[in-house]
Student: 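I have a structure here, written as structure tokens, and I will follow up with some questions on it.
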There are 2 protein chains.
Amino acid sequence: MPQPPQSYRELEMLITAEYATLSKRLQQTARFMLDHPQEVALATVAKIAEQADVTPSTLIRLANSLGFKGFSEMQQLFRSRLVDELPNYTERIRAVRSATGETPDSTQLLWEFADANRAVLEQLPSRIDPASLEKALDIFEQAHAIHVMGARRSFVVASYMTYALAHVDKPALLVSGLGGMYGEQLRAMSQHDALLTISFSPYAEESQQACADAHQRGLPIVVITDSLLSPLAHFADVVFVVNEAEVKSFRGLTASLCLTQALAIGLGVRQDKRRQKQ
Amino acid sequence: MPQPPQSYRELEMLITAEYATLSKRLQQTARFMLDHPQEVALATVAKIAEQADVTPSTLIRLANSLGFKGFSEMQQLFRSRLVDELPNYTERIRAVRSATGETPDSTQLLWEFADANRAVLEQLPSRIDPASLEKALDIFEQAHAIHVMGARRSFVVASYMTYALAHVDKPALLVSGLGGMYGEQLRAMSQHDALLTISFSPYAEESQQACADAHQRGLPIVVITDSLLSPLAHFADVVFVVNEAEVKSFRGLTASLCLTQALAIGLGVRQDKRRQKQ
DNA sequence: GTATAAATGGAATATTTATTCCAATCAACT
DNA sequence: AGTTGATTGGAATAAATATTCCATTTATAC
């Protein structure tokens, strides 16, 4: 068994294939591992051994007989499983990568971007607090109009949100700074409005200013940013922290866009309900 | 700080609350941890310290100052987060759906959007022809400047592309129609430039006009659209057909953005290579 | 039933990893 | 500028964890 598996799936297959040829204790151990992969990923040899009702040595022996140098090496696969949910997909990327040689050509780039963004989307919904979502919608629903602010990279998101809000019949104003009129646009915010600011590191001065202004005037503020420690978070009534994909030191916008989409449509659904009641 | 947090969320809150009172290095460490929780969950003190660009001692100090007996104790919270948050993905969607009954609340909407967009990204790279990618990059590379056109929903994509191109040092001009100057902006296109048009059904008149103009002047044209039968396809030298997600009759933009991202960075990589040769 | 090989448990050891401690550095204040 | 206290880096140490090794048990063949 000179070639150890490279992914959790491969390991699963190998264990299944070799199971019959293993000794009694080794079978017992293998079965436990397949049944409790999460445990194996995070616990120590001693703890796992105890739970599987075998001795630590047996775990090492199993790892060795599956081709690994030691238990720790095998454990890495269990850990990687926790991190990237879909080994199938990542393998496909690896296939593309090796097929195209070293230098990343454009097709491989596309695969990498798609994969990175896909992974981000997989995690997004579970990382967003439902209560925050509801609270943000409360704020938006009660606001007469929503001012949307996003500079530089975040401008794209702000622009999309403005578009989407208009399509669910919610008055929305993009704070664009067009004609150098940031100040004027901010002064147009009334007490009955709300502000949505999107801002990522390095947080644009204009976005911070917008939040500070709105805060002073007592407007409710919703912020989409990349860290709880963002300077924007301080002013906000609701903070959404999104983790964007990064490939070749270029950050994506997929998660933010997905979130704004959900916010806009969520607002639309609410308004529909209310109108039906009346 | 006698009472350490009991859950990852509590820890998040504590860090946020105490952040301002921490020293510089401790802040740096705290930020890294919040931004890379996955890393912290699985790596060793030494590895994490290296990635966060601090010394191992700092990690332990931070753990202590947050009330933990040591780093390992704190790490347990990061690990529990990995475990609690990742049951099978599709099962969770189903769970959310059934728990909320018929009417889709905002959280379920978010799950649906994330899932739909994720599915789209999974298919995207295999549906894009590698030869078209290369051809588009050839066109962009030879162009003096790239004019980017996208109206209404596509404006977001066009806007992002312009931003991304600027960041890889490629002269890019967004055809925005600002001040009603579509005509003027189109007339500024020179023979040595290229046009990238993004347009989805119902294809905006302005986008069609832009392509027609560019075609007449002999500019190479790249089009991102939703069907080979799109009226834009007729003028194009390269056509990318992308399939966007649709939830509640609202279409996403994820695939288009991912594609533009890959195009922009792909161009950047090429330019780097060429400059290195010289 | 005995001989031989394989498998097993557990203590001993090696290795990795976390933690402590102290000297050097930095920042704040006089 | 000099002094004090906090902060930091890194080497030294302690703790934990994995691995090896060997005596003992269990299974297999004759």
Side-chain angles (χ1 to χ4, degrees), chain A residues 1-2 4-5 11 15 18-33 36-80 82-83 229, chain B residues 1-2 4-5 11 15 18-33 36-83:
Chain A
M1 200 83 47
L11 175 60
I15 292 178
E18 299 289 311
Y19 187 75
T21 76
L22 297 174
S23 75
K24 203 180 68 173
R25 273 289 188 280
L26 256 34
Q27 286 189 350
Q28 179 184 343
T29 312
R31 174 174 291 268
F32 178 86
M33 293 203 316
H36 306 88
Q38 206 165 268
E39 200 58 36
V40 179
L42 294 177
T44 67
V45 172
K47 290 221 175 68
I48 300 165
E50 191 190 334
Q51 291 199 49
D53 198 28
V54 296
T55 61
S57 332
T58 312
L59 282 180
I60 282 108
R61 267 195 286 269
L62 179 60
N64 286 329
S65 69
L66 289 172
F68 298 98
K69 273 198 71 182
F71 171 79
S72 305
E73 195 179 304
M74 179 172 73
Q75 193 179 36
Q76 285 308 116
L77 294 189
F78 283 85
R79 292 189 165 180
S80 74
L82 275 189
V83 173
L229 304 176
Chain B
M1 201 80 47
L11 175 59
I15 293 179
E18 299 290 312
Y19 185 74
T21 75
L22 296 174
S23 74
K24 203 181 69 175
R25 272 291 187 283
L26 256 33
Q27 287 189 348
Q28 178 184 345
T29 313
R31 176 175 288 266
F32 179 87
M33 293 203 316
H36 306 86
Q38 203 166 269
E39 201 58 36
V40 179
L42 294 178
T44 66
V45 172
K47 289 222 178 68
I48 300 164
E50 190 191 335
Q51 291 200 47
D53 198 26
V54 297
T55 60
S57 333
T58 312
L59 283 180
I60 281 113
R61 269 196 286 269
L62 179 61
N64 286 329
S65 70
L66 291 172
F68 299 97
K69 275 197 69 182
F71 171 79
S72 307
E73 196 179 304
M74 181 172 72
Q75 193 180 37
Q76 286 309 318
L77 294 189
F78 283 86
R79 292 190 165 180
S80 73
R81 170 180 164 283
L82 269 193
V83 171

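Chain letters run A, B, ... following the sequence lines, proteins first and then strands; every chain starts at 1. None of these values were measured; they are calculated from a predicted model.
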Student: So B:Leu11 and B:Phe68, do their side chains get closer than 4.5 Å, heavy atoms only?
Tutor: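 Yes, side chains in contact.
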Student: With the side chain counted from C-beta on, respond yes when B:Arg25 and B:Arg61 share a heavy-atom pair under 4.5 Å apart, and no when they do not.
Tutor: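 No - every pair of side-chain heavy atoms lies 4.5 Å or more apart.
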Student: Measure the distance from CD1 on A:Ile60 to P on C:dA14 and round it to the nearest whole Å.
Tutor: 16 Å
Student: Taking the side chain of A:Asn64 as its heavy atoms from C-beta onward, which of D:dG10, D:dT20, C:dA18 lies nearest to it?
Tutor: D:dT20
Student: Hey, which sits more toward the 5' end of DNA chain D by its nearest nucleotide, B:Arg25 or B:Ser72?
Tutor: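 Mapping each residue to its closest nucleotide by heavy atoms, the 5'-most match is B:Arg25.
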Student: Roughly how many Å is it from CD in B:Glu73 to P in C:dT17, rounded to a whole number?
Tutor: 20 Å
Student: Among the candidates D:dT19, D:dT20, D:dT8, find the nucleotide nearest to the side-chain atoms of A:Ser57.
Tutor: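 Of the options given, the side chain of A:Ser57 lies nearest D:dT20.
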Student: Between D:dT8, C:dA18, C:dG9, spot the one nearest the side chain of B:Phe71, thanks.
Tutor: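 Ranking D:dT8, C:dA18, C:dG9 by closest atom to the B:Phe71 side chain puts C:dA18 first.
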Student: Which nucleotide wins on minimum distance to the side chain of A:Thr44, given the candidates D:dT17, C:dA18, D:dT7?
Tutor: D:dT17
Student: Which sits closer to the 5' end of DNA chain C, A:Thr21 or B:Ala43, going by the nucleotide each is nearest to?
Tutor: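 Nearer the 5' end of the strand: A:Thr21.
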Student: Grab the two heavy atoms, one from A:Gln75 and one from A:Ala41, that are nearest each other, plus how far apart they are.
Tutor: NE2-O, 3.4 Å
Student: What is the separation between atom CD on A:Gln75 and atom P on C:dT16, rounded to the nearest whole Å?
Tutor: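 Rounding to the nearest Å, CD of A:Gln75 and P of C:dT16 are 15 Å apart.
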Student: Rounded to the nearest Å, what distance is computed from the CG atom of residue A:Leu42 to the P atom of nucleotide D:dA18?
Tutor: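 Distance, rounded to whole Å: 12 Å.
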Student: Provide the closest heavy-atom pair for A:Ala49 versus A:Pro56 in the form atom of the first, atom of the second, distance.
Tutor: CB-N, 3.6 Å
Student: Which whole-number value in Å describes the distance from B:Gln27 CD to D:dA6 C1'?
Tutor: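 Rounding to the nearest Å, CD of B:Gln27 and C1' of D:dA6 are 15 Å apart.
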Student: In whole angstrom, what separates A:Arg61's CZ from C:dA7's C1'?
Tutor: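 Computing the A:Arg61:CZ to C:dA7:C1' distance gives 7 Å.
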Student: What is the distance, to the nearest angstrom, from the CD1 atom on B:Ile48 to the P atom on C:dT19?
Tutor: 11 Å
Student: Is the shortest side-chain N/O distance from B:Ser23 to OP1 or OP2 of D:dT8 below 4.0 Å?
Tutor: yes
Student: What is the distance from CD of A:Gln28 to C1' of C:dG9, rounded to the nearest Å?
Tutor: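 Going from A:Gln28 (CD) to C:dG9 (C1'), I get 13 Å.
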Student: Look at atom CD of B:Glu50 and say whether more than 12 heavy atoms of other residues, nucleotides or ligands are closer to it than 6.0 Å.
Tutor: no
